[in-house]
Novice: 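Below is the structure I would like to discuss, written out as structure tokens.
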Protein chains: 2
Amino acid sequence: MTRASSRRPGPPTRTERGIPEATVARLPVYLRALTALSDSGIATASSEDLATAAGVNSAKLRKDLSYLGSYGTRGVGYDVEYLRYQIAREIGVTQDWAVVIVGIGNLGHALANYSGFGTRGFRIVALLDADPNLVGERIGDMEVRDFAELEAIVKADRVSIGVITTPAGPAQEVCDRLVAAGVTSILNFAPVVLSVPDGVDIRKVDLSIELQILAYHEQRKSGEAALPQVPELPAMNGLTDLPSVGGGVGA
Amino acid sequence: MTRASSRRPGPPTRTERGIPEATVARLPVYLRALTALSDSGIATASSEDLATAAGVNSAKLRKDLSYLGSYGTRGVGYDVEYLRYQIAREIGVTQDWAVVIVGIGNLGHALANYSGFGTRGFRIVALLDADPNLVGERIGDMEVRDFAELEAIVKADRVSIGVITTPAGPAQEVCDRLVAAGVTSILNFAPVVLSVPDGVDIRKVDLSIELQILAYHEQRKSGEAALPQVPELPAMNGLTDLPSVGGGVGA
DNA sequence: TAGATTGTTAATCGATTAACAATC
DNA sequence: TAGATTGTTAATCGATTAACAATC
């Protein structure tokens, strides 16, 4: 309503107002699927093909892509390379984002070594830790630097993304320092709820929460009906060489 | 409708039909907040207190808790210990779940060392890898074992949760082996979409996807209006010693 | 032209939120 | 009893899905 009045008449201009969050979260999945198809030498794919590769249904995929524009051809499908570029551009990974990792324990180590940081689009510019015993240690082709250098590094390398891999204790303080230094996006692996001012985005990765969600569902499986689909369920003791299963079950 | 007919009349029996997924995903956050309050010696907390600690609003928290039952006292709040136990029980972490980790690279290493696996409720019973060079390596008080032993271990230790920290390539095969061995919940860190049969739950943790979601929003910040809240925005060049910011902005 | 597949509409479903009656 | 706070209702919002007209 308020919005309609400020819109000129005519066909809706795509991307006029932002893309839904649920869609944004799936774009990287589509990007990866397209990269895989491209690597297999596939030049064209239907929404059905793409949806299968991305693990969603095709209606959802088409709806998601429709927020970006009309990049497909009716009766044909999508050009893999073209769509891949359009999505990469929309996400913002056609440019490189400078990233710092703070807290070089086991997890920080692992992320520092993570080759290419998964996909292109990100560049680790510094590994930081406050522990003098760690400062100076080489990891791959980088050296751990003192957390005190944060501000200088953020300024020099225009860092906009910070990854927090400290323990829970110092995480909020590290977060505050990152924000004060000018970092506006944070990926938090520490098991705490961090508070940030408006304008700063924060995402959280939490192993123990993920496991607990699985445990919840697991608990409900052992309980009642929801056991595996196989009609006669082997008693799980003694049998080591089960006959192959799946013939004639259901449709 | 179909459901109403199978329900007896009278007051709704809580937890009669499952808890919404969005709520399930927040229960571990509440559990952690309650543990923190408990550790600070706080015995009672209002929904407002709890919501603040968990980073949600109080209406949502009360709605979420209402799916579990009525564990609060009107006019008073919630007994921290009591609610903590109720949530732990609901999630299923009052018992211990046996976990195997498959793929002992950097990340597998990091998770293996992750003290107590974040929260109680989980017990790592084996670290597995197919690489003979890794088998036998000690990590903490565990030893890396051959992936070929998977089936025996799952059977012996009643493992229901598997964590996949292999590269993308072998992940689907590892997943299939886990499922065939009887694992019914999987936490996947490999950057691929895994397919599992019905009855198996799978969750995915994906660093590169998280970073891309941040990049999407970051790109839109640098663009237009959505710049930081500070009125006069330093031009970001030359200035090295900004005056402290935040006095008299907004309210 | 006939067949295939997109992009969009509209219905449905689930999650969030504000407000408040119930009740300690 | 008066004040505080829960548990629940109902309105709203956003996401998913099926279906199909548009169009290659």
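Note on naming: letters A, B, ... go to the chains in the order of the sequence lines (proteins, then strands), and numbering restarts at 1 for each one.
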Novice: Which residue pairs pass the salt bridge (Lys or Arg N to Asp or Glu O under 4.0 Å) test with at least one member in residues 56-71 of chain B, sequence neighbours excluded?
Specialist: B:R26-B:D64
Novice: Roughly how far apart are A:S47 OG and A:Y30 OH, rounded to 0.5 Å?
Specialist: 10.5 Å
Novice: Return no unless some side-chain N or O of A:S47 is found under 4.0 Å from OP1 or OP2 of C:dT6.
Specialist: yes
Novice: Could you state the OH-C1' distance from B:Y78 to D:dT5, rounded to the nearest angstrom?
Specialist: 9 Å
Novice: Starting from P on D:dG14, measure out to CG on A:D64 and report it in whole angstrom.
Specialist: 16 Å
Novice: Let me know, please, whether A:A59 or A:E21 comes out on the 5' side of the other along DNA chain D by nearest nucleotide.
Specialist: A:E21
Novice: Would the distance check show the side chain of A:K204 and the main-chain N or O of A:A190 forming a donor-acceptor pair, the cut-off being under 3.5 Å?
Specialist: yes
Novice: Report yes if some heavy atom in the side chain of A:V80 is under 4.5 Å from a heavy atom in the side chain of A:T44; otherwise report no.
Specialist: no
Novice: Can you tell me how far P of C:dT16 sits from CZ of B:R26, to the nearest Å?
Specialist: 4 Å
Novice: Whole-Å distance between C:dA19 P and B:N57 CG?
Specialist: 12 Å
Novice: Run the ring-ring contact (aromatic ring centres under 6.0 Å, His included) test on B:Y71 and B:Y78 for me, step by step, so that the C-alpha distance in whole Å, both residues' side-chain angles and the decisive distance to 0.1 Å come before the verdict.
Specialist: CA-CA 7 Å; B:Y71 295 132; B:Y78 301 88; 8.8 Å; no
Novice: Which atoms of nucleotides 20-22 of chain D (N or O only) lie under 3.5 Å from a protein N or O atom, and what are those distances?
Specialist:
unit_1, atom_1, unit_2, atom_2, d
D:dA22, N3, A:R74, NE, 2.9

Novice: Write down the distance between NZ (A:K63) and P (D:dA15), rounded to a whole number of angstrom.
Specialist: 10 Å
Novice: In whole angstrom, give the distance that lies between atom CG of B:L50 and atom P of D:dT5.
Specialist: 13 Å
Novice: Under the salt bridge (charged side-chain N to carboxylate O under 4.0 Å, His left out) rule, collect the residues that match up with B:D96, sequence neighbours excluded.
Specialist: B:R123
Novice: Checking B:S70 side chain against B:S66 main chain: does a donor-acceptor pair fall under 3.5 Å?
Specialist: no
Novice: A:D49: which residues meet the side-chain hydrogen bond (donor to acceptor under 3.5 Å, both in side chains) condition with it, sequence neighbours left out?
Specialist: A:S46
Novice: Does DNA chain C take part in any stems of at least 3 consecutive Watson-Crick or G-U pairs (both distances under 3.5 Å), and if so, which ones?
Specialist: C:3-24 with D:3-24
Novice: Specify the separation, in whole Å, of atom CG of B:L61 and atom P of D:dT6.
Specialist: 9 Å
Novice: Under 3.5 Å, is there a donor-acceptor pair between the side chain of B:T165 and the main chain of B:G103?
Specialist: yes
Novice: Take the protein atom CG of B:L83 and the nucleotide atom P of D:dT6, then report the distance between them rounded to whole Å.
Specialist: 11 Å
Novice: Using a 4.5 Å cut-off on heavy atoms from C-beta on, say whether the side chain of A:L207 contacts that of B:L111.
Specialist: yes
Novice: Pull out every residue in residues 36-45 of chain B that has a heavy atom closer than 4.0 Å to any atom of DNA chain C, ordered by number, or say none.
Specialist: none
Novice: Side chain of A:K60: nearest nucleotide among D:dT6, C:dA15, D:dT17?
Specialist: D:dT17
Novice: Near B:E173 CD, under 6.0 Å, is it more than 12 heavy atoms from other residues, nucleotides or ligands?
Specialist: no
